[in-house]
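All heavy atoms count here, side chains included; hydrogens, waters and symmetry mates do not.
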Amino acid sequence: MTADDSFGRLDDDYPAYTMGRAAEMLGTTQGFLRAIGEARLITPLRSAGGHRRYSRYQLRIAARARELVDAGPPIGAACRIVILEDQLEEAQRINAARHRAAASFSPPVA
């Protein structure tokens, strides 16, 4: 599974998936999910019983981290790459919005 699969189209923040189900969906281990949590890439919410619960958005992020780790970098480096990719995407969104706003601005006619 890649980050471009179905997780790429979902941005749901509702923590609907247990750790076991999340690991199964990603084709990874629960240990991997714990490790990226320890690296602070994602912070799953906890159920009333203290169990980790993951959102679709977190699954997309975890899938991207898994892709990177599978390509060679250690978990810490993969998590940093994912964070930087996310920051770049946000900066590009802001930049595009500002360009659209500037393009639609018409100076007053004197």
Can you check whether [X] reaches [Y] side chain to side chain, under 4.5 Å on heavy atoms?
X	Y	answer
H51	T18	no
R64	V82	yes
R80	L84	yes
Y54	P44	yes

inquiry  = I need the minimum non-hydrogen distance between A62 and L26, along with the two atoms involved.
reply    =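 Nearest pair, atom of A62 first, then L26: CB-CD1, 3.6 Å.
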
Contact summary for A39 and C79, nearest pair of heavy atoms =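 Looking at all heavy atoms of both residues, the shortest contact is CB-SG, 3.7 Å.
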
inquiry  = Does either side chain, that of R56 or that of Y17, offer a donor lying less than 3.5 Å from an acceptor on the other one?
reply    =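 Looking only at side-chain atoms, Y17 and R56 do form a donor-acceptor pair, the distance falling under 3.5 Å.
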
First locate atom [atom1] of [X], then atom [atom2] of [Y], and finally report the distance between them rounded to the nearest 0.5 Å.
X	Y	atom1	atom2	result
D70	T28	CG	OG1	7.5 Å
R53	L45	CZ	CG	10.0 Å
Q92	I94	CD	CD1	10.5 Å
R100	R98	CZ	CZ	12.0 Å
I42	R60	CD1	CZ	11.5 Å

inquiry  = With side chain to side chain contact (heavy atoms under 4.5 Å, CB included) as the criterion, how do D86 and E90 come out once you've worked through the C-alpha distance, each side chain's angles and the decisive distance to 0.1 Å?
reply    = CA-CA 6 Å; D86 191 52; E90 178 64 17; 5.9 Å; no

Atom pairs and distances, side-chain donor-acceptor, residues 29-38, under 3.5 Å, sequence neighbours left out:
| unit_1 | atom_1 | unit_2 | atom_2 | d |
| --- | --- | --- | --- | --- |
| T29 | OG1 | G31 | N | 3.4 |
| T29 | OG1 | F32 | N | 3.0 |

query = Are the side chain of Q58 and the backbone N or O of S55 linked by a donor-acceptor pair below 3.5 Å?
reply =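 Here the side-chain-to-backbone pair exists.
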
task = Output every pair passing salt bridge (charged side-chain N to carboxylate O under 4.0 Å, His left out) with a member in residues 15-31, not counting sequence neighbours, ordered by first then second residue.
result =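 Residue pairs with at least one partner in residues 15-31: R21-E24.
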
Pairs meeting criterion side chain to side chain donor-acceptor pair (under 3.5 Å) with involvement of residues 40-49, two or more places apart =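 Not a single pair qualifies under side chain to side chain donor-acceptor pair (under 3.5 Å).
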
